[in-house]
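Have a look at the structure below, then the notes.
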Amino acid sequence: MANPMADEMRRFKGSDEKNPFEAMSERFDRAAQLLGLDPDLYAVMRVPSREIKVYIPVKMDTGHIQVFEGFRVQHNFARGPAKGGIRYAPDVTLDEVKALSAWMTWKCAVVNVPFGGGKGGIICNPAQMSEGELERLTRRYTAELIDFIGPDKDVPAPDMNTNEQTMAWIMDTYSMHARHTVTAVVTGKPVALGGSLGRREATGRGVMFTVNEAIKRFNLKPQDTSVVVQGSGNVGGIGAELMYDQGYKIVAISDIFGGIHNSNGLNIPEVMRYLRDNKTLEGYPEAEPVGNKELLELECDVLAPCATENQITSENADRIKCKILAEGANGPTTPKADKILHDKGIFVIPDILANAGGVTVSYFEWVQDRMGYFWPESQVNQRLEEKMVASFNELAHYADKHQVDTRTAAYMLAIDRVAYDTRMRGIYA
Ligand code: GLU
């Protein structure tokens, strides 16, 4: 299926402002400088530990072989195994995967789970591939990485265009090589195969928990809070459904093709049903159509970009009208836009906190797999809430104490934790 809006949303090549690794590095540098980070530690932490590039031959349904390019970047192991998703996309780049892997390191540190950061990507167009082709691609990619992944080495998870089925194939391929079933090699698996209850909803639920905390700063209750959500997948769609259930007024939501808007509030369960039936939001009766760009500029209390990188840039930041920006996506805001949002007084829940619910429940899944003892969903959700609320408050307190914006505070908190562990471990020579 051609996907013009996705191309439009994701295009960042050739633009300095939009190179994700540079955006990550700029924030890292600023936080490191404010922390007075030791130059030796700075040199170690600024770069990934390992960048792996693989060429993946796949027998396509035509009988011919096509060779795909794939990556796995392991950014940091100071606090535990590398952890992070794998994305399948036609325009995924090594720079993007590098940035995403570093964000995983900082994200895991912000919520204080004992993982480093990693991320994977394969340049492919899953919408144009059959199930069989995707399975063969996934299995061969796993086989190419077999020495580098594992429950104590690097634990992949779903990301854009990968899902529970992808994780089941990776788990099976890894297990076939190990000659026994190793569930803890990936998270985000089907529940029947060692997955965790609540994992699928965890990123959206985590966004909601941080928004619940942020609105208190504005003396708002969910019923008085209007929310605009960009994206309707695993993060945006589920986040919108959960917030709707809590009484939030969701006034706009979008998919890759465009969005819908109703200032009186949308009936989100109906919207999601419409999306499932029609594979698009276009034509939804009780709303006005709105483009993905215009949607970001709507009047609202909470704006939750839950799609992809570089949605809020120096070009549109001054037209953003929310009080709270809840970054469900990784890297939706550029550093230039940060400054504009800060000057406008917008309270940012930075991505490395706002969307950390997914990796937090991935941690719970990994723990459950290793114990061989599975928790009820209520326990997963309660522990997730405790983690997200505690991390939000720690971050807000840190920002107030150090008189910095919340994004800088998140990086400072994370870098400080990773630096401490790196210093204590020392450098092996
Ligand atoms: N891909 C998700 C993220 O960006 C989840 C990663 C994980 O659970 O390891 O945070």
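Whatever order the structure lists them in is the order used to number ligands and atoms, beginning at 1. Model, not experiment: these values are computed from the prediction.
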Exercise. Is R383 close enough and on-axis enough to W375, meaning under 6.0 Å and within 45°, for cation-pi?
Worked result: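 Verdict for W375: a cation-pi partner in R383.
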Exercise. So R140 and E144, salt bridge (Lys or Arg N to Asp or Glu O under 4.0 Å) or not? Walk me through it.
Worked result: CA-CA 6 Å; R140 183 62 188 256; E144 295 298 331; 2.7 Å; yes
Any atoms of ligand 1 less than 4.0 Å from a non-hydrogen atom of [X]? List them with their elements.
| X | result |
| --- | --- |
| D159 | 1 (N), 2 (C), 4 (O) |
| M104 | 3 (C), 4 (O), 6 (C), 10 (O) |
| S362 | 7 (C), 8 (O), 9 (O) |
| P158 | 1 (N), 2 (C) |
| K119 | 1 (N), 3 (C), 4 (O) |
| A157 | 6 (C), 7 (C), 8 (O), 9 (O) |

Of all the heavy-atom pairs spanning [X] and [Y], show the shortest one and how long it is.
| X | Y | value |
| --- | --- | --- |
| W103 | I352 | O-CG2, 3.7 Å |
| A31 | I415 | CB-CD1, 3.8 Å |
| Y244 | P269 | CE2-CD, 3.4 Å |

Report yes or no: does [X] contribute a side-chain atom to a donor-acceptor pair with the main-chain N or O of [Y] at less than 3.5 Å?
| X | Y | value |
| --- | --- | --- |
| N278 | T280 | no |
| T162 | I86 | yes |
| K119 | V73 | no |

Exercise. Looking at ligand 1, does P156 have a heavy atom less than 4.0 Å from it?
Worked result: no
Problem set entry | Any R87 heavy atom less than 4.0 Å from ligand 1 |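 No, that is not the case, since the closest heavy atom of the residue is not under 4.0 Å from the ligand.
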For this session: Looking only at protein heavy atoms, identify the closest one to atom 9 (O) of ligand 1 and say how far it is in Å.
Result: K83 NZ, 2.8 Å
For this session: Look at atom 3 (C) of ligand 1 and find which of E365, K107, R199 reaches it with the closest heavy atom.
Result: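 Considering heavy atoms of E365, K107, R199, the nearest to atom 3 (C) of ligand 1 sits in K107.
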Exercise. Is ligand 1 under 4.0 Å from a heavy atom in the side chain of T203, in the backbone, in both, or in neither?
Worked result: neither
